[in-house]
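Positions are given from 1, in the same order as the sequence printed here.
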Amino acid sequence: MNKKIRTEAVDQLFDAILCLQSKEECYKFFEDLCTVKELLSLSQRLEVASMLRENSTYLDIGKKTGASTATISRVNRSLNYGEDGYQLVFDRRKE
């Protein structure tokens, strides 16, 4: 885990997210917290990760999501060398 992001402020953010109980509550909180562009960027990264797991090409991912090759590469690096956070979410969403 990256020690640079382990701060009290980030802990408070994660605690706030963990207390949300519905998708509607998530919409309300994230619309207040993020700009539209930030929220769309986060959701785009998750979609890119999903497509990379399905072995889609960068070209196909870029066409479908509008993500740049830099974004796709960054997500791919996280999938291969990160903390397995994407995998954790994908596994839990199956349940």
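Two residues are said to be in side-chain contact when any heavy atoms from C-beta on lie closer than 4.5 Å; D60 and K64 fail this criterion. R45 is listed as a side-chain neighbour of Y86, based on a closest heavy-atom distance under 4.5 Å.
Here the shortest heavy-atom pairing between S50 and F90 reads N-CZ, 3.6 Å. When every heavy atom of G62 is checked against every heavy atom of I72, the shortest pair comes out as N-CD1, 3.8 Å.
The distance from atom CD1 of I61 to atom CG of N76, rounded to the nearest 0.5 Å, is 8.0 Å. To the nearest 0.5 Å, the span separating OG on S56 from NZ on K63 amounts to 12.5 Å. The OG atom of S41 sits 13.0 Å away from atom CG of L46, with the distance rounded to the nearest 0.5 Å. Atoms CD and OG1, from Q44 and T65 in turn, are 4.5 Å apart once rounded to the nearest 0.5 Å. Put simply, OG1 on T71 and OH on Y58 are 10.5 Å apart, with the number rounded to the nearest 0.5 Å. A distance of 7.5 Å separates CD of E25 from SG of C19, quoted to the nearest 0.5 Å.
Here F30 sits in one hydrophobic cluster together with V10, L13, F14, I17, L20, F29, L33, L39; the rule is ILVMFWY side chains under 4.5 Å apart, joined directly or through other members.
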### Task
Could you walk me through whether D91 and Q87 pass side chain to side chain contact (heavy atoms under 4.5 Å, CB included), step by step?
CA-CA 6 Å; D91 289 345; Q87 189 61 48; 2.7 Å; yes
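Checking side-chain atoms of E31 against main-chain N and O of K28 turns up no donor-acceptor pair under 3.5 Å.
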